[in-house]
Amino acid sequence: MRYSVRQVASFAAVTVRTLHHYDKAGLLTPSARSRAGYRLYDESDLARLQQILFYRELGFSLDEMTTILEDPQANALDRLRARQRQLAEEITRLQRLAEVAERAIEVQQTGVSLTPEERFEVFGEIRFDLSYATERQLKWADSAGQREAMARAAAHSKEDWRRLMAEAAAWRARLLDAYDAGEPSDGARAMDLAEEHRRHVTRWFTSCPPDMHRRIADDFVADPRAFALVVPPSQQRPELAAYLGKAVHANASRTETGAARDVPEAQDSQVPQDLQHSYDSQDSQEER
């Protein structure tokens with residue numbers, strides 16, 4: 001029995017155009033044509049089409065399908081195993097994307113609870129890159145420090161954010177002054193600024209021991225999105241991220257050896273007393 005192109009298209013749930021394309025490509029040439037020139041397919045053609053659709057579903061190209069179907073010596077099993085590995089990798093990639101989407105939702109839901117107008121008013125040039133925030137959430141999802149930081153950020157009021165950002169801006173101005181004045185990155189002034197930043201993180205987000213502060217600084221150097229959270233692009237200087245990174249590393253070593261001197265508390269900002277008490281308690285724990 002023979003079938004018209006429209007009948008086969010209906011059987012196989014493909015379009016007539018697809019069957020025409022397979023014919024032109026030499027992948028599926030109908031066994032006969034009618035007197036009027038219309039394509040006619042027999043049972044062997046339908047069996048071949050079923051194989052084609054199977055390989056197509058697995059992602060094989062037309063050339064690969066032609067090789068497998070036309071050459072009896074072609075090692076279809078090896079090709080199938082290779083495709084299985086590719087599909088497994090694709091499944092892993094898609095699972096990762098699904099996880100990224102899930103974390104992005106979490107970041108949006110547990111992030112800064114301000115309206116767009118309030119964000120612009122409070123943060124000014126500082127912009128939170130969602131892709132960076134999501135990557136951090138993925139990387140540190142199992143970290144108690146990351147969970148604490150996210151929870152505390154979500155709990156900050158608009159006034160908390162005002163104070164936090166005022167404190168950060170005053171610190172940033174002193175950092176730029178030190179850099180522009182040529183202060184060495186391992187000098188006392190730069191290390192004191194690094195220590196201020198460490199205490200700022202502890203005060204507003206999560207306890208930040210020296211080793212964690214090193215990782216944060218390394219992130220500043222490696223990822224411009226991270227450094228833009230502390231110094232917006234319009235205020236950045238060449239090698240400023242590296243300068244701060246070296247200062248943080250030098251201060252971390254100083255702190256770990258017990259050589260750290262008293263550093264003045266954050267200037268030009270008002271720190272709530274309850275947060276200051278929490279910070280003092282955390283600092284005393286680190287010194288034990």
- Considering only heavy atoms from C-beta outward, does the side chain of Phe227 approach that of Asp219 to under 4.5 Å? no
- Message: Is there a side-chain contact between Leu69 and Gln51 in this structure, where contact means two heavy atoms from C-beta onward sitting under 4.5 Å apart?
- Response: yes
- From CZ (Arg56) to CE (Met65), nearest 0.5 Å: 7.5 Å
- Step by step, would you call Val16 with Arg6 a side chain to side chain contact (heavy atoms under 4.5 Å, CB included)? CA-CA 6 Å; Val16 170; Arg6 291 191 178 279; 4.1 Å; yes
- Does Leu240 reach the side chain of Val231, with side-chain heavy atoms less than 4.5 Å apart? yes
- Glu148 and Arg152 ion-paired at < 4.0 Å: yes
- Cationic N near anionic O, under 4.0 Å, Asp186 to Lys246: no
- Query: In this structure, are over 12 heavy atoms from other groups packed under 6.0 Å from Glu239 atom CD?
  - Reply: no
- Spacing of Tyr41 atom OH and Thr29 atom OG1 [to the nearest 0.5 Å]: 8.0 Å
- Taking the side chain as every heavy atom from C-beta outward, state whether Arg39 and His20 have any pair of such atoms under 4.5 Å apart. yes
- Message: So that I can tick it off, tell me whether Asp23 and Arg33 are bridged by a salt bridge, with the cut-off set at under 4.0 angstrom between side-chain N and carboxylate O.
- Response: yes
- Message: Would you say that more than 12 heavy atoms from the other residues, nucleotides or ligands in this model lie under 6.0 Å from the CZ of Arg214, or not?
- Response: yes
- Message: When you compare the side chains of Asp160 and Ser157, does any donor N or O come within less than 3.5 Å of an acceptor on the partner?
- Response: yes
- From Ser31 atom OG to Leu46 atom CG, the distance as rounded to the nearest 0.5 Å: 9.0 Å
- Message: Nearest 0.5 Å, please: how far is OG1 in Thr255 from CD in Glu195?
- Response: 4.5 Å
- Working to the nearest 0.5 Å, report the span between CD of Glu57 and CD1 of Ile52. 14.0 Å
- Message: So Val8 and Val5, do their side chains get closer than 4.5 Å, heavy atoms only?
- Response: no
- Tightest non-hydrogen contact, residues Ala241 and Val221, listed as O-CG2, 3.5 Å
- Item | Gln7, CD: over 12 other non-hydrogen atoms inside 6.0 angstrom | yes
- Item | Exercise: identify the closest heavy-atom pair between Ala178 and Leu193 | CB-CD1, 3.7 Å
- Message: Please tell me whether Gln84 and Arg81 have a donor and an acceptor in their side chains that are separated by less than 3.5 angstrom.
- Response: no
- Lys/Arg N to Asp/Glu carboxylate O, Glu167 vs Arg199, below 4.0 Å: no
- Query: If Ile, Leu, Val, Met, Phe, Trp and Tyr residues are connected whenever their side-chain heavy atoms lie under 4.5 Å apart, and connections chain through other members, are Leu58 and Leu49 in the same group?
  - Reply: yes
- Polar side-chain atom of Arg174 near backbone of Ala170 as donor-acceptor pair, under 3.5 Å: yes
- Query: Is there a path from Met165 to Trp204 through hydrophobic residues (I, L, V, M, F, W, Y) whose side chains come within less than 4.5 Å of each other?
  - Reply: yes
- Task: Determine whether Leu62 and His21 make a side-chain contact, defined as any pair of heavy atoms from C-beta on separated by less than 4.5 Å.
- Result: yes
- Message: If you define the side chain from C-beta out and look only at heavy atoms, does anything of Arg79 sit under 4.5 Å from Thr67?
- Response: yes
- Query: Which heavy-atom pair separates Met191 from Ala247 by the least distance, and what is that distance?
  - Reply: CG-O, 4.0 Å
- Answer with yes or no after comparing the ring centroid distance for His213 and His197 against a 6.0 Å cut-off, counting only values under it. yes
- Query: Does the pair Glu90/Arg93 count as a salt bridge with the N-to-O cut at 4.0 Å?
  - Reply: yes
- Message: Please check this pair: side chain of Glu64 against backbone of Ser61, looking for a donor-acceptor N/O pair closer than 3.5 Å.
- Response: yes
- Task: Enter the distance from Thr18:OG1 to Leu28:CG here, rounded to the nearest 0.5 Å.
- Result: 11.0 Å
- Item | Joint cluster assignment, Met1 & Tyr38, ILVMFWY side-chain distance < 4.5 Å | no
- Task: Report the relative orientation of the aromatic rings in Phe11 and Tyr3; use parallel for angles under 30°, tilted for 30 to 60°, perpendicular for over 60°.
- Result: perpendicular
- Message: Any carboxylate oxygen within less than 4.0 angstrom of a Lys/Arg side-chain nitrogen, looking at Arg163 and Glu159?
- Response: yes
- Query: Considering all heavy atoms of both residues, which atom of Arg83 and which atom of Gly59 are nearest to each other, and what is their separation?
  - Reply: NH2-CA, 3.5 Å
- N/O donor-acceptor pair under 3.5 Å between Tyr55 side chain and Ile68 backbone: no
- In terms of side-chain geometry, is the basic nitrogen of Arg254 or Asp192 positioned less than 4.0 Å from the acidic oxygen of its partner? yes
- Thr206 side chain vs Thr202 backbone, donor-acceptor pair below 3.5 Å: no
- Residue pair Ser34 / Leu40: nearest heavy atoms and the distance that separates them: N-CD1, 3.6 Å
- Asp223 (side chain) donor-acceptor with Phe220 (main chain) under 3.5 angstrom: no
- Heavy-atom count around Arg237 CZ within 6.0 Å, excluding the residue itself: above 12? yes
- Item | Minimum heavy-atom distance Pro224-Ala222, with the two atoms named | CD-O, 3.9 Å
- Does a side-chain heavy-atom distance below 4.5 Å link His200 with Trp171? no
